[in-house]
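All remarks here apply to the structure that follows.
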Amino acid sequence: MDTFVYEIDGKLYINLTNRCSNDCEFCVRNGKDSYYGNKLWLSKEPTAEEVLALIPDFGYSEVVFCGFGEPTFKMKEVSAIGKELKKRGFFVRINTNGQGNLINGRDITEELVAAVDKVNVSLNAGDRDKYYEICRPVFGEDAFDAILDFASLCKDRGIITEFSIVDVLSEKDKEKCEEIAERLGIRLRIRKYIQDS
Ligand code: SF4
């Protein structure tokens, strides 16, 4: 049975798709079929209604779009689900690779304002060459600059916006990420690399 919604540490996560525009060498799904015991490979993508039917009205402070894929591939569903959850009083976050504008071929950040309270953008690298090398984006070497633009637009539209990197980056790369975050006025969170789940 497909896992459209799963729980970790008291937060509810929504798994909308397995599609991604990257092929990161450190991806948590590489060679795995589950994440903290949740089987996140999907045989079909859910509708907004199917997801909403699985979310209880109470018991969770935060709902997060985050699964075995890039949620902005499902922008229609992100909008519909996010708007409804915000109406119900949930704090809504999306974890994204920041390529949503490239994926959708338009600026999705205005739609995100209505659908989420917070955007977490995986920065992953301190410059475009390194990003291209380790994340292998289908959009090529320009993906990195598009990610920075996307994060800036989210911030400018008033969404709480955060970059994240994993703690296995070199000190030099971390410094470059810190410089970017400071220049754009976006908080940088350094999170632990999850090796096995
Ligand atoms: S962007 Fe995220 S889901 Fe996509 S390949 Fe990279 S780590 Fe995996």
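Numbering of ligands and ligand atoms starts at 1, following listing order.
When non-hydrogen atoms are compared, ligand 1 lies under 4.0 Å from the backbone of N22 as well as from its side chain.
Salt-bridge check for R93 with D117: failed, with every basic side-chain N at 4.0 Å or more from each acidic carboxylate O. Taking a cutoff of 4.0 Å between a charged side-chain nitrogen and a carboxylate oxygen, K174 and E171 qualify as a salt bridge. Looking at K118 and E62, no side-chain N of the basic residue comes within less than 4.0 Å of a carboxylate O on the acidic one, giving no salt bridge.
Taking 2.8 Å as the threshold, C135 does not count as a candidate ligand of atom 4 (Fe) of ligand 1, since none of its N, O or S atoms lies below it.
Looking at N124 and S122, their side chains never bring a donor and an acceptor atom within 3.5 Å of each other.
Within the listing of ligand 1, atoms 1 (S), 3 (S), 4 (Fe), 5 (S) sit less than 4.0 angstrom from a heavy atom of C20.
Of the protein's non-hydrogen atoms, C24 N, 3.3 Å is the one closest to atom 5 (S) of ligand 1. Nearest to atom 7 (S) of ligand 1 among the protein's heavy atoms is C27 SG, 3.6 Å.
Side chains of D145 and Y131 form no contact here, defined as non-hydrogen atoms less than 4.5 Å apart.
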